[in-house]
Amino acid sequence: MLSTTISPGFWCECWTEGVDGQLPPTLFGSYDAHSEREADSWVSTILRTISPALDTDASQEAWERLYDHRIDTRRALLRREPWAVSVTHITTRITWTVRPALFLPMAHRQGTELPSCTYGFKPHRPRAIG
């Protein structure tokens, strides 16, 4: 009998969108984190990396999230609750979402043709958390 090992983790996404409605929500990147710490570090590292390039208000918002709200973030992830943070730079809103997920091992696909529906996958617009 085939046994499947499911591992808990978090699905992390980064979305951008125009605050004026001109730029539709666009998936910028995603990451599968296997622990609360890894998910938190993914967002924190990105915020620290981009904050010098942000305008003053957005940079301040990023640093507040990094330092003032860090414990709330960790608590939410430890409770396996969805979490999100957004910063607005000029006319672009950048949103990072972290959601609990269960990861299944990938099936062996060598020598197997993928179904045609695989190539039609389009990411969905993020839903509000909370």
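All heavy atoms count here, side chains included; hydrogens, waters and symmetry mates do not. Keep in mind that this is a model prediction, so the values were computed, not measured.
Between Glu61 and Thr88, the closest heavy-atom pair is OE1-N, 4.0 Å. Taking all atoms of both residues into account, the shortest heavy-atom contact from Thr26 to Pro24 is OG1-O, 3.0 Å. In this structure, Val98 and Ala39 approach most closely via the heavy-atom pair CG1-CB, 3.8 Å. Nearest heavy-atom pair across Ala58 and Val87 is O-CG1, 4.1 Å.
Of the inter-residue distances, the one linking Ser51 atom OG with His89 atom NE2 reads 12.0 Å to the nearest 0.5 angstrom. A distance of 9.0 Å separates OG1 of Thr45 from CG of Asp40, quoted to the nearest 0.5 Å. Expressed to the nearest 0.5 Å, how far OG1 of Thr91 lies from CD of Glu17 amounts to 11.5 Å. Trp96 contributes atom CH2, which lies 9.5 Å from atom CZ of Phe28 (distance to the nearest 0.5 angstrom). Atom SG in Cys12 sits 8.0 Å away from atom CG in Asp32 (nearest 0.5 Å). Taken to the nearest 0.5 Å, the CH2 atom of Trp15 stands 14.0 Å off from the CZ atom of Arg93.
With contacts defined as side-chain heavy-atom distances shorter than 4.5 Å, the pair Val19/Thr92 does not qualify. Between Leu104 and Ile6, some side-chain heavy-atom pair lies under the 4.5 Å cut-off.
Checked against the 6.0 Å centroid criterion, the rings of Phe103 and His34 qualify as a close aromatic pair.
Residue Arg37 qualifies as open at atom CZ: its count of foreign heavy atoms under 6.0 Å is 12 or below.
Under the 4.5 Å side-chain contact rule for hydrophobic residues, Val43 and Trp63 share a cluster.
Between Ser30 and Trp11, the side chains place no donor N or O within less than 3.5 Å of an acceptor N or O (distance only, hydrogens not considered). Between the side chains of Trp83 and Thr73, at least one donor N or O sits under 3.5 Å from an acceptor N or O.
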Side chain to side chain contact (heavy atoms under 4.5 Å, CB included) evaluation trace for Leu102 with Ser7: CA-CA 6 Å; Leu102 294 175; Ser7 60; over 6 Å; no
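With Phe10 as reference, Arg80 is the one residue of Arg99, Arg80, Glu38 to meet the side-chain contact (heavy atoms from CB on, under 4.5 Å) rule.
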